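Attaching a single structure in structure tokens format; questions to follow.
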Amino acid sequence: MTDLSSRTFDDDRSRDTAENLRLLECSTEPIRTIGRIQSHGILFGVDEPTGVVVVASENVEHWLGRDLRETGSEVLIRAIGEGVAVDPVRAEFEGRAYDVIAHRGTSPLLLELEPIVPDLDYVRTGVVSAIQRLAGVSDPDELRRRAAREIKDITGFDRVMCYQFHEDGHGQIVADEREPDMEPYFGLHFPASDIPSQARALYIEKRSRVIADTEDPGLALHTLLPETAPVDLGVAELRAVSPHHLQFMRNMGQASTVSFGIVIDDHLVGMFTCAHRSPRRMPVLLRRALEVMATQVGTQLTAAQQIHRLRRQLEARERRMSIIAPLYSRADVGPVLMAGSRTVLDVVPADGALLRIGDLVHTVGVVPPADRLFAVVDELEVGRFVWESLPLERPELAVEIPDVTGLLIVPLGGEGDMLVFVRSEVARSVDWLGDQSAANRDHPLSPRRSFSAWRESVTGRSLPWGEHAQDAFELGEEIRSAMVARTQAELAELALRDPLTGLHNRRFLDDRLEELLAGSEKSLAVVFLDLDDFKAVNDTYGHEMGDAVLAAIGRRLSGVARGSDAVVRLGGDEFVMVCVGAGEAEAAAIAGRAVAAIREPILVRGTQITVYASAGVVATEGESSPGKLIDAADAAMYRAKRIGGGRVSA
């Protein structure tokens, strides 16, 4: 059964304060130098040059000061000299078989002995098949669920969960494979203090963690080392457990656990946790195999994230460009962004948006009065652009715009110029692993007593901006770039540039041909391109769409041209390419590529438009003039149109 709770601002502050206290307490706990091990195994600290035991768990205290070579076990001796933790060896010690784990690079050398677990000794062979079955799973949720099921089937633990850690540190159970009589935990959230930062950091260094028995008092370590040199057990398999965490596990009904970190780019993003209701151990070789499985899952999650990120970036860019393209023409910024068939709200979902450029304000959607909104924005912290709980964080300002809870502020470069997205409050529920209030703890630092699902109603917040914040900032960059490009184009309009396409114009063409014909260049060709029946595009889709098509064609022609060529828009739907150092055959090949590039469908505001072009080519190796060359190329182009268009004629 799920308990219900609602949350107020005072509750938030109280909860946050208690959570911060727990995180601080956890950060000071000496979990690496706890000075004890779990009692099912043995730990030695060996001075490598001499082989003498300088640290020993209390169950082998009689070996302190002795050389382990006295055991007569060649395998044990070899482990001291050559063993590595990733590849344990099996040896007999004092009449019992152990898996021996040597941790190279520790000082002293840590040598751990774990008694074998006969009933699970060879189940690790099933891990390879499990990895193969998981290899083709690309959906992250399905991958986590199926991996948890595979681990449960292999290990026999009562429950296997997969955790996912969110950016703010709290976690969520995203897979929960359990025995039928156990309470479900799938989808529940848990606070960061359940697995604090220093515990998470150990999973970067060591990918698994065993707790064999929550009632185990553990064994003390005895040492010949100075008291000022505590033994660092960070890499140890047998490291004892914080009393706080043991109580946490007992309250949760767990008698034993084994956890495996999921690490991506040296960052712990999640883990698999196997839990059992009675003491249970897992052999070290099985743990090593499952560490490999967890690594494989991390690799597959990385690939899935990259694919998702690339797809999303492409889709977001297409949405942005669909509204940005007209800005490169003469279209007014405000109407283009805020009043067209597509607006900034198609890029960033919100209740509304306000654009301030100079003294002008444009709006779209449901927005507060512009003067109040911008008065509030101007009072907010400089440099902070994302707000999701304005009434909770700045109540004295929120009263001025009572229907606004979330703000996303995008500076546009000019003084006071900005684009602001607004969102209203959205009440939502969060399901927690146990009641998060103080009533479920003996005191603020103690673990929760109950872990039954607890539903919290969260108010005073908008939907999270998440990835849409980055979309908004990239939109802002592109708006700024378009505005700069517009300014440059307008300045160049009477000089050498075409304002719509950014290509050179007729004046540049005449000057460039004069220069080339008067110079020492031996070969020169001109390609004259005219779009076939382009009037139909403007008549069908409108001049703004037509301008966007012309701009796209200009970019395509620039992409086809060689580095030494010049691409010119004569005006309307006519273009010229000046091919330096090219004969007629090479220029015809360039013209063919240009015609082919133009007829590739052009996507404008979700509409595909196909345009064809005819091209004429003329080359000169003797005296000529700019006008004659252009006229000759124009005549060749009309020959191409007369024979059907969409082709090249010389």
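Since the structure is predicted, the reported quantities are computational estimates derived from the model, not experimental observations.
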Within a 6.0 Å radius of atom CZ on R384, are there more than 12 heavy atoms belonging to other residues, nucleotides or ligands?
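Correct, the count exceeds 12.
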
Could you give me the CA-CA distance, side-chain angles and deciding distance for V333 and L360, then say whether side-chain contact (heavy atoms from CB on, under 4.5 Å) is met?
CA-CA 10 Å; V333 177; L360 298 177; over 6 Å; no

Is T343 reaching over with its side chain to a backbone N or O of A339, donor-acceptor style, under 3.5 angstrom?
no

Tell me if the NE2 atom of H166 is crowded by more than 12 foreign heavy atoms within 6.0 Å.
yes

A quick test of your reading: do over 12 heavy atoms of other residues, nucleotides or ligands sit less than 6.0 Å from CZ of F374?
yes

Could you pull out the closest heavy-atom pair between Q608 and Y541, with the gap in Å?
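For Q608 and Y541, the tightest heavy-atom pair comes out as O-OH, 4.3 Å.
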
Output the distance between atom CD1 (I409) and atom CG (L354), rounded to the nearest 0.5 Å.
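Reported to 0.5 Å precision, the distance equals 11.5 Å.
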
For residues R497 and H504, determine if any side-chain heavy atom of one lies less than 4.5 Å from a side-chain heavy atom of the other.
yes

Salt bridge D378-R356, side-chain N to carboxylate O under 4.0 Å:
yes

Please confirm whether the backbone N or O of E600 pairs with a side-chain atom of R556, one donor and one acceptor, at under 3.5 Å?
yes

Check whether R480 reaches the backbone of E478 with its side chain - one donor and one acceptor, N or O, closer than 3.5 Å.
no

Which pairs pass salt bridge (Lys or Arg N to Asp or Glu O under 4.0 Å) with one or both residues in residues 336-354, sequence neighbours excluded?
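Pairs touching residues 336-354 that pass the test: none.
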
Can a donor-acceptor pair be found, under 3.5 Å and without considering hydrogens, that links the side chain of R647 to the backbone of V595?
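Flag not set: sc R647 to bb V595 has no pair under 3.5 Å.
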
Apply the test side-chain contact (heavy atoms from CB on, under 4.5 Å) to residues H362 and L337: give CA-CA distance (whole Å), side-chain angles for both, the deciding distance (0.1 Å), then the verdict.
CA-CA 9 Å; H362 301 269; L337 297 178; over 6 Å; no

So do M271 and F165 actually touch side chain to side chain, heavy atoms under 4.5 Å?
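They are in contact (side-chain heavy atoms under 4.5 Å apart), so the answer is yes.
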
Please determine whether salt bridge (Lys or Arg N to Asp or Glu O under 4.0 Å) holds for the pair R512 and E515, giving the CA-CA distance in whole Å, both sets of side-chain angles, and the decisive distance to 0.1 Å.
CA-CA 5 Å; R512 180 62 172 152; E515 177 187 353; 3.5 Å; yes

Is R144 paired with E142 through a side-chain N to carboxylate O contact shorter than 4.0 Å?
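Answer for the salt bridge query: no.
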
Is D471 reaching over with its side chain to a backbone N or O of E474, donor-acceptor style, under 3.5 angstrom?
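Judged by distance alone, no pair lies under 3.5 Å.
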
Answer yes or no: is there a side-chain heavy-atom contact under 4.5 Å between D403 and S424?
no

Side-chain heavy-atom pair L373, V367 within 4.5 angstrom cut-off
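A side-chain contact under 4.5 Å is absent here.
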
What distance separates M545 CE from T607 OG1, expressed to the nearest 0.5 Å?
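Answer for the CE-OG1 pair, M545 versus T607, is 4.0 Å.
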
So how far is it from L392 CG to W387 CH2, rounded to the nearest 0.5 Å?
11.5 Å

I'd like to know if the side chain of E388 and the backbone of W465 have a donor-acceptor N/O pair within less than 3.5 Å.
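Yes, the answer is positive, given that a donor and an acceptor are paired below the 3.5 Å cut-off.
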
Identify the heavy atoms of A353 and V344 that sit nearest to each other, and give their distance.
CB-CG2, 3.8 Å

Do you know the tightest heavy-atom contact between A325 and A548?
CB-CB, 4.4 Å

Say whether, by atom type as modelled, one donor and one acceptor occur between the side chain of Q300 and the main chain of L134 under 3.5 angstrom.
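Side chain of Q300 to backbone of L134: a pair is present.
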
Could you tell me whether D168 atom CG has more than 12 heavy atoms of other residues or ligands within 6.0 Å of it?
yes

Using 0.5 Å steps for rounding, measure from the CG atom of L463 to the CD atom of E425.
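Between L463 CG and E425 CD, I get 11.0 Å after rounding to 0.5 Å.
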
Can you tell me how far apart CG (L390) and CD (E396) are? Round to the nearest 0.5 Å.
8.5 Å

Between D532 and S614, is any side-chain donor less than 3.5 angstrom from a side-chain acceptor?
yes

Determine whether a donor-acceptor pair (N or O, by modelled atom type, separation under 3.5 Å) exists between the side chain of R423 and the backbone of T405.
no

Whether Q172 side chain and G187 backbone form a donor-acceptor pair below 3.5 Å:
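Judged by distance alone, yes, a pair lies under 3.5 Å.
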
Is the ring pair H189/H170 parallel, tilted or perpendicular, if the boundaries are 30 and 60 degrees?
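Aromatic pair H189/H170 classed parallel.
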
Heavy-atom side-chain proximity of I598 to L557 below 4.5 angstrom:
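They are in side-chain contact.
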
How about CZ on R562, more than 12 heavy atoms from neighbouring residues, nucleotides or ligands closer than 6.0 Å, or not?
yes

R145/D141 salt bridge by N-O under 4.0 Å criterion
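Result for this pair is no, no salt bridge flagged.
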
Are any of the side-chain heavy atoms of L419 and L355 separated by less than 4.5 Å?
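Yes, side chains in contact.
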
With rounding to the nearest 0.5 angstrom, report the CD1 to CG distance, I630 to L509.
4.0 Å

Before you tell me yes or no, could you show the steps for F473 and V410 under side-chain contact (heavy atoms from CB on, under 4.5 Å), namely the whole-Å CA-CA distance, both residues' side-chain angles and the distance that decides it to 0.1 Å?
CA-CA 6 Å; F473 298 137; V410 183; 4.2 Å; yes

Does G169 offer a backbone N or O that forms a donor-acceptor pair with the side chain of R200 under 3.5 Å?
yes

